[in-house]
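Heads up, the thing below is written out as structure tokens.
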Amino acid sequence: MAQSLNRPVMMARRDSLFSQQGFYDLVSGRRRGPTASLLRGALRVIEVPYTWAVTSRNRGFDSGRRDVEHVDIPVVSVGNVSLGGTGKTPLVAWLARWFRRHDVRVTLVSRGYKGRAGQPNDEALELEQQLPDVPHLQDADRVAAARLAIEEFEAQLLVLDDGFQHRRLARDLDIVLLDALEPFGHGHVFPRGTLREPLDGLRRADVIVLSRAGLVDPPRREEIRRRVRQLAGDAPWVEVAHRPTQLRAAHGQTQPIDALREKPVAAFCGIGNPDGFRAGLEGCGYRLAGFHAFADHHDFGRGDVEWLEHWAAECGAVALVCTHKDLVKLGVDRIGRLPLWALSIGVEILSGHDALEAQLRRVLERVTPPTD
């Protein structure tokens, strides 16, 4: 846990325009009024050159004007088309375990977004606890990381985390996640919306995964699927739910989900989709005495811990609950007198399991058996 702060941090209100939630409220249209309308207009102006730049880059790769680097082992990419959390980490862990069950030496490769120099970021720390037998390399130059994985770890297969927009490294399978709660980025590319690129980029996807599908009803899922079909053609369609599996403490203790059922808890997170986390807590039957969303990848310091201690006490909570990604950065079992638990999440495939496995088996056929 970072110890650089020696006083409580000043945090923007969740509904401030300068907070993550404030940005989402603005681009989604939930924030009303003349000021909000003017800001959306300004963001729309900025969206135009940004979209042009992204589109031009993609055309460069599509036409062959930009080089694509190949490595000697299969690469499976997991990514998305929107900003924020779509539930990639649980799916990355599920895929790594699937290939490990088939005796494949897997290495994870990612950019290491918001990681400190030479240090793994929060997602890497989380995956390290979940996958102790799977190496994870983080490098902005993912081609170099891929080659290092082959040389140093004798990897037989790479899982490229958050790789859909990273076009320089060739991949054998492109899996793209859409969050069922907001699959289309509010209809605009950043900064007017939350799309990383125009939706027609979905045509590059080999598999489309609708994440958090259990949080919307079947008619809405079908509505999303029909629209995606228009963009991505016949790419296999998979629906997954993110199910809480257990409560986990920083030093490895676990307890059942039901241990806090109907009890007042103070929950907080620093992830891209706090609404998904909140829905998961409510689905567990917890009474939310308080809920606070920090910015995505928030670096917790001493001031944050002091603030959380006072806040949870004022809420009358019996425990604090966060995400696993937050817990690995905090690294403590208690905040003040209250226990701190992380809600561990696993993937449950609701539909499309056979179609997904068929794609994975095709990749498996390309894995070269070890020579030893």
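When reading the values below, keep in mind they use all heavy atoms of this one structure, side chains included, and skip hydrogens, waters and symmetry mates.
Under a 3.5 Å cut-off, the side chain of His102 and the backbone N or O of Trp98 do form a donor-acceptor pair. Gln156 places a side-chain N or O within 3.5 Å of a backbone atom of Arg105 that can act as its donor or acceptor partner. Side chain of Glu69 to backbone of Leu169: no donor-acceptor contact under 3.5 angstrom is found. Under the 3.5 Å distance criterion, the side-chain polar atoms of Arg40 are left unmatched by any main-chain donor or acceptor of Arg192. Without hydrogens or angle criteria, Arg212 side chain to Ala180 main chain gives no donor-acceptor distance under 3.5 Å. Judged by distance alone, with hydrogens and angles left aside, the side-chain atoms of Arg203 form a donor-acceptor pair with the main-chain N or O of Asp200 at under 3.5 Å. A donor-acceptor contact shorter than 3.5 Å is absent between the side chain of Arg111 and the backbone of Arg142. Between the side chain of Thr245 and the main chain of Ser344, a donor-acceptor pair closer than 3.5 Å is present. Judged by distance alone, the side chain of Ser28 and the main-chain N or O of Asp25 form a donor-acceptor pair under 3.5 Å.
Partner Thr86 forms a side chain to side chain donor-acceptor pair (under 3.5 Å) with one of Asn80, Asp179, Asn273 and no other, that one being Asn80.
Residues near Leu350 contribute nothing to a hydrophobic cluster around it, because no ILVMFWY side-chain heavy atom sits closer than 4.5 Å to its side chain. Residue Leu181 shares its hydrophobic cluster (ILVMFWY side chains chained together at separations under 4.5 Å) with Leu215, Val216.
Linking ILVMFWY side-chain heavy atoms closer than 4.5 Å, directly or via other members, places Leu173 and Leu356 in a single hydrophobic cluster. Cluster annotation: Leu308 is connected to Leu340 through the hydrophobic network of ILVMFWY side chains, with a link wherever side-chain heavy atoms come within less than 4.5 Å.
Within the 4.5 Å cutoff, the side chain of Pro256 has no heavy atoms near those of the Leu247 side chain. Side chains of Ile73 and Val367 form no contact here, defined as non-hydrogen atoms less than 4.5 Å apart. Lys325 places a side-chain heavy atom less than 4.5 Å from the side chain of Ile271. Residues Val104 and Arg100 have side chains not in contact (no heavy-atom distance under 4.5 Å, counting atoms from C-beta outward). The shortest side-chain heavy-atom distance between Ile345 and Thr323 does not fall under the 4.5 Å cut-off. Side-chain contact between Gln230 and Arg226: absent, with no pair of heavy atoms (C-beta onward) separated by less than 4.5 Å. Residues Leu83 and Arg196 meet the side-chain proximity criterion, which asks for heavy atoms closer than 4.5 Å. Using a 4.5 Å heavy-atom cutoff, the side chains of Leu327 and Val332 are not in contact.
For the atom pair SG (Cys322) and CD1 (Ile335), the distance works out to 7.0 Å, reported to the nearest 0.5 Å. A distance of 4.5 Å separates CZ of Arg243 from CD of Glu348, quoted to the nearest 0.5 Å. Taken to the nearest 0.5 Å, the OG atom of Ser211 stands 8.5 Å off from the CG atom of Leu91. We find the CG-CZ distance between Asp258 and Arg261 to be 4.0 Å, quoted to the nearest 0.5 Å. For the atom pair CZ of Phe153 and CG of Leu137, the computed distance is 5.0 Å after rounding to the nearest 0.5 Å. Between Glu126 atom CD and Asp326 atom CG the span is 9.0 Å, to the nearest 0.5 Å.
When all heavy atoms of Ala267 and Leu288 are compared, the closest pair comes out as CB-CD2, 4.0 Å. Heavy-atom minimum distance, Pro191 versus Leu43: O-CD1, 3.6 Å. Taking every heavy atom of both residues into account, Asp67 and Arg168 meet most closely at O-CG, 4.0 Å. Of all heavy-atom pairs spanning Ile257 and Pro244, the tightest one is CD1-CB, 3.7 Å. Taking all atoms of both residues into account, the shortest heavy-atom contact from Gln130 to Ala93 is OE1-CB, 3.6 Å. When all heavy atoms of Ile208 and Ala235 are compared, the pair lying nearest together is CG1-CB, 4.2 Å.
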For this session: Go through the steps for Arg287 and Glu262 under the test salt bridge (Lys or Arg N to Asp or Glu O under 4.0 Å), then give the verdict.
Result: CA-CA 5 Å; Arg287 284 201 293 119; Glu262 298 183 358; over 6 Å; no
For this session: Just do the salt bridge (Lys or Arg N to Asp or Glu O under 4.0 Å) check on Arg302 and Glu306 with the steps written out, would you?
Result: CA-CA 6 Å; Arg302 183 179 300 163; Glu306 292 173 357; 5.3 Å; no
For this session: Step by step, work out the salt bridge (Lys or Arg N to Asp or Glu O under 4.0 Å) result for Glu223 and Arg220.
Result: CA-CA 5 Å; Glu223 178 186 342; Arg220 174 57 178 158; 3.0 Å; yes
For this session: Start with the C-alpha gap between Leu195 and Thr51, add the side-chain angles, then the distance that decides, and say whether side-chain contact (heavy atoms from CB on, under 4.5 Å) holds.
Result: CA-CA 10 Å; Leu195 291 175; Thr51 301; over 6 Å; no
For this session: Show the numbers, then the answer: is there a side-chain contact (heavy atoms from CB on, under 4.5 Å) between Leu108 and Leu131?
Result: CA-CA 10 Å; Leu108 307 180; Leu131 305 167; 4.1 Å; yes
For this session: Kindly indicate, with the supporting measurements, whether the criterion ring-ring contact (aromatic ring centres under 6.0 Å, His included) is fulfilled by His324 and Trp341.
Result: CA-CA 8 Å; His324 195 174; Trp341 296 98; over 10 Å; no
Exercise. Would Arg248 and Gln253 count as a side-chain contact (heavy atoms from CB on, under 4.5 Å) if you check the C-alpha gap in whole Å, the side-chain angles of each, and the deciding distance to 0.1 Å?
Worked result: CA-CA 6 Å; Arg248 181 187 182 100; Gln253 306 95 320; over 6 Å; no
Exercise. What's the verdict on side-chain contact (heavy atoms from CB on, under 4.5 Å) for Phe291 and Phe268, showing C-alpha distance, side-chain angles and the deciding distance?
Worked result: CA-CA 6 Å; Phe291 185 89; Phe268 65 94; over 6 Å; no
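For Glu222, the CD atom sits in a packed shell: over 12 heavy atoms of surrounding residues, nucleotides or ligands are nearer than 6.0 Å. Environment of CZ in Arg366: crowded, with over 12 heavy atoms of neighbouring residues, nucleotides or ligands closer than 6.0 Å.
Side-chain contact of Ser77 with Asp174: a donor-acceptor pair under 3.5 Å is present, judged by distance alone. Looking at Asn58 and Thr55, their side chains never bring a donor and an acceptor atom within 3.5 Å of each other. A donor atom on one side chain and an acceptor atom on the other are not found under 3.5 Å apart for His136 and Asp161. For the 3.5 Å distance criterion, the side chains of Gln165 and Glu197 qualify, holding a donor opposite an acceptor. No donor-acceptor contact under 3.5 angstrom links the side chains of Trp311 and Glu309, judged on distance only.
Because its NZ or CZ atom is both nearer than 6.0 Å to the ring centre of Phe184 and within 45° of the ring axis, Arg227 counts as a cation-pi partner of that residue. In this structure, Arg204 forms a cation-pi arrangement with Phe164, its terminal cationic atom sitting closer than 6.0 Å to the ring centre and no more than 45° off the ring axis.
Salt bridge absent: Glu365 and Arg362 never bring a charged side-chain N and a carboxylate O closer than 4.0 Å.
Aromatic rings of Phe300 and His298 (six-membered ring for Trp) have centroids within the 6.0 Å cut-off, being under it. Annotation: Trp94 is not in aromatic contact with His242 [ring centroid separation under 6.0 Å not met].
Taking the side chain to side chain donor-acceptor pair (under 3.5 Å) definition, one finds that Glu182 meets it with nothing, sequence neighbours left out.
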